[in-house]
Amino acid sequence: MDNTKSPGPIVVGIDGSAAANQAAEWAIKEAIHQDVPLRMVHVIQAVEAADVPAKTFALEREYAESALRAACAMVEGTGMPVKIETAVLRGDIASALIAESSNASLVCVGSVGIGRMASRLLGSTAATLAEQAHCPVAIIRHNEHAVPHQCGFIAVVVTSGAGNEEVVRWAMEEARVRSAPVLALGLRRWTRFGLGYAGLYRRLDGWLRKYPDVQVEVGVTRMSLRRYLEGYSDAVQLVVIGSGSAETAAQLVGPHAPEFVAHADCSVLIVR
């Protein structure tokens, strides 16, 4: 008997916004690559039933179904061969998506709500998922005034620490899925797991052999990842990090309003 668990769907949080639809569009290639369905979910925020008229429930359901129809139309309009599932759930939004993550291969959400102080704000769905989901989480940066740079680097920090192999593997797979180059970084900033150029090349040797079709560039710095990537804000489309660095997701994605602190301004994938 084969007890191997089948891979779960790619779950996307849909709320009717352009940011959510962009996240769904980003997730299409992921679902095709992993050969799993694209499951688009709208969560109706639960409140005390006694305080809400029945008409309001009906309107919320109507809006949820409308948002999902629009997202499905967008996905189908790409012409890409992906199986689509939809669901309307009720409850706390972050909690519902965390529950979905228990059986998902990846949860993907738009970045609206991620800002300089997001990790301190109760109710920030993306920030909560980044730290508490049971599977990898992709937070897709949305900027309505700019064209997404889909040909940029997939950036990843390479270390000698436990768990980094899986982080690098995801980065290499994303590069293959999106026909993008990898920017492999060695951070030598106050960490015993940091690598110099020699150690970085040794760690990458096996990956370069396994992924001969992926172009890899390397860099070593004593700056933090955020500070280093500030100089690559127009050249990096995605940063892949481990769950131990999930609290930095807000800094990497950046705020959606005028701010005084620089940021990397890119999408983030948190690997578990």
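Bear in mind the structure is a predicted one, so any value in this text is a computation, not a measurement. We count residues from 1, following the sequence as given.
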| With no hydrogens and no angle check, is any side-chain donor or acceptor of E85 less than 3.5 Å from a backbone partner on R39? | no

| Would a 4.5 Å heavy-atom cut-off, applied to side chains only, mark I10 and Q34 as touching? | yes

| field | Residues E230 and R226 bridged, charged N to O under 4.0 Å | value | yes

| query | Checking Y228 side chain against L187 main chain: does a donor-acceptor pair fall under 3.5 Å? | reply | no

| task | Mark yes when over 12 heavy atoms from residues, nucleotides or ligands other than D213 sit less than 6.0 Å from its CG; otherwise mark no. | result | yes

| message | What I'd like to find out is whether the side chain of V82 reaches to under 4.5 Å of the side chain of V75, using heavy atoms alone. | response | yes

| Can you check whether Y63's main-chain N or O pairs, donor with acceptor, with S66's side chain at less than 3.5 Å? | no

| task | Report yes or no: is the cationic atom of R178 (NZ for Lys, CZ for Arg) under 6.0 Å from the centre of the six-membered ring of W26, at an angle within 45° of the ring normal? | result | yes

| remark: Residues passing the side-chain hydrogen bond (donor to acceptor under 3.5 Å, both in side chains) test with T78, sequence neighbours excluded, are none

| field | Hphob cluster co-occupancy, L38 + V177, side-chain heavy atoms under 4.5 angstrom | value | no

| How far does CD1 of I14 sit from CZ of R69, to the nearest 0.5 angstrom? | 13.5 Å

| CZ/R176: more than 12 non-hydrogen atoms of other groups inside 6.0 Å | yes

| task | Verify, without hydrogens or angle tests, whether N164 (side chain) and T159 (backbone) share a donor-acceptor contact under 3.5 angstrom. | result | yes

| task | Would you confirm whether T86, through its side chain, and L68, through its main-chain N or O, come within 3.5 Å as a donor-acceptor pair? | result | no

| task | Please examine the side chains of V107 and C135, heavy atoms only from C-beta on, and report whether any two atoms are closer than 4.5 Å. | result | yes

| query | Would a distance-only check, ignoring hydrogens and angles, find a side-chain to backbone donor-acceptor pair under 3.5 Å from R90 to V43? | reply | no

| said: Within the 4.5 Å heavy-atom criterion, are R141 and Q22 side-chain neighbours or not? | reply: no

| Test side chain to side chain contact (heavy atoms under 4.5 Å, CB included) applied to Q45 and D92, step by step | CA-CA 5 Å; Q45 182 72 44; D92 173 73; 3.8 Å; yes

| pair E30-E174: side-chain heavy atoms closer than 4.5 Å | yes

| task | Identify whether V158 and W207 are in the same connected component of the hydrophobic contact network (ILVMFWY, side-chain heavy atoms under 4.5 Å). | result | yes

| request: Using a strict cut-off of less than 4.0 Å between a Lys/Arg side-chain nitrogen and an Asp/Glu carboxylate oxygen, indicate whether E166 and R272 qualify as a salt bridge. | output: no

| S224 side chain vs R227 backbone, donor-acceptor pair below 3.5 Å | yes

| message | Please say yes or no: joined through hydrophobic side-chain contacts below 4.5 Å, possibly via intermediate residues, are V218 and Y211 part of one cluster? | response | yes

| From CA spacing to verdict: side chain to side chain contact (heavy atoms under 4.5 Å, CB included), L185, V156 | CA-CA 6 Å; L185 297 173; V156 61; over 6 Å; no

| said: Applying salt bridge (Lys or Arg N to Asp or Glu O under 4.0 Å) to R203 and E165, what does each step give before you reach the verdict? | reply: CA-CA 9 Å; R203 285 278 286 112; E165 288 284 320; 2.5 Å; yes

| task | Say whether, by atom type as modelled, one donor and one acceptor occur between the side chain of S111 and the main chain of I139 under 3.5 angstrom. | result | no

